[in-house]
Amino acid sequence: MKRVLPGATIGVLGGGQLGRMLALKGREMGYRFVTLDPTPDSPCGQVSDRQVTAAYADERAARELASLADVITYEFENVNAGVAAVLERESYVPQGSELLRTTQHRLREKRAIEAAGVRVAPYRAIESTADLREAIQEFGLPCVLKTATGGYDGKGQFVIRRAEQAAEAFTALGGGAVELVLEQFVDFERELSVIAARGLDGEVRTFPPAWNVHVNSILHTSTAADGLIPDDVAGRARRMAADIANSLNVVGLIAVEMFLKADGTLFVNELAPRPHNSGHYTMDACSVSQFELHLRAVCGLPLPEPRLLTPVVMVNLLGEHIEPTLRWLEGEGERSLPEGVTAKVHLYGKAEAKRGRKMGHINLLTDDPAKALQWIETCGIWT
Ligand code: AMP
């Protein structure tokens, strides 16, 4: 098993916040960093030794990154196949490119999840409006039509509530020109996610499930606490994530998003082969964070078992929340929190606070997540 020891340089493809938090943890561990991103002074570039500033699809830039790094990892999944091939040929990419190929495409991803023996919501590949009408008949309404590639934070999706919307949904998502997939709508009670880390030697660790709440299809809060989710459900969710990590031969992290129905059934919604927003709670609330386990996995170091040290609520800071957050920090700030709640504020160093853009997050550590959730509702930053 190849070990990449501290002192070595880790190349990160993608200079966003996930790369930044990876590099901040890795620097603490003694690694050096180089990142590739088209935006100068990117969030990850700011905390790396060096940034190669170029488009993600620029093979010459990928080659430069490869020449500067002992090991390469990625912080987003839409890595161009040509670039992945260059990196694999000219550098060391323990995560490989097969996992990227699988998770870049919803149909391939669903088939891979099923091959791991895990359930997904009923789905069908859609190539025409006739296919779509037939599938709607079969699944009933509502249904969700999604593009097979390129969607995130609810983009590339159309919820079909009435049969007459079929043609409109097909056209709106570019049907005919792009591949589509129809999913049955899951009447879920909660959305959960489990992050699994798998080492080069096949050893798997999973984090406790997070309960995720989305607002406008963007993650708003993730809560983790013992007893929040019944033990048998949490155990099943963790085993599902481990089975997927093993079956897909993951090295590094895989985030598994799931729907929990009232009867206890779990369906996997989608996967992300990288650190995940719903795992940011692990930075302050766990014995080891998702970023550290990812680094340890790709560097061939042993993986400690993560333990939840305290209940936690993670809340995202989007562009529109930055002004009120800064006002809160310069005013009452943490002093205004309910008793027993500690706030850990993480900001990503992004210059422009655009609406809906992920700018940072706060981990609220507390014995009583309900208190933290109540504060989020009423403190004025998120309303
Ligand atoms: P996705 O981009 O697939 O993660 O979907 C974004 C959000 O849309 C999910 O977090 C769910 O809240 C909702 N959603 C997606 N697919 C379904 C489905 N099949 N049934 C119910 N809700 C869904």
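Atoms within each ligand, like the ligands themselves, are counted from 1 in listed order. Positions are given from 1, in the same order as the sequence printed here.
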*Around K371, counting heavy atoms of other residues, nucleotides and ligands shown, do more than 12 lie under 6.0 Å from its NZ?*
yes
*asked:* Quick check: H361 with Y281 (ring centres under 6.0 Å apart)?
replied: no
*Nearest 0.5 Å, what's the CE-CZ distance between M258 and R119?*
13.0 Å
_Give the residues near ligand 1 by chain and number, with the criterion being a heavy-atom distance under 4.0 Å._
R106, V144, K146, Q157, E183, Q184, F185, V186, F188, E191, H214, E257, F259, N269, E270
Show the atom names and distances, to 0.1 Å, of all donor-acceptor pairs under 3.5 Å that link a side chain in residues 131-145 to residues at least two apart or in another chain.
residue	atom	partner	partner atom	Å
D131	OD2	E127	N	2.8
E138	OE1	R124	NH2	2.7

*Considering residues at least two apart in sequence or located in another chain, which fulfil the ring-ring contact (aromatic ring centres under 6.0 Å, His included) criterion with F188?*
F259
Name each donor-acceptor pair under 3.5 Å that joins a side chain in residues 21-29 to protein atoms two or more places apart or in another chain, with its distance.
residue	atom	partner	partner atom	Å
K25	NZ	E28	OE2	2.7
R27	NH1	V47	O	2.5

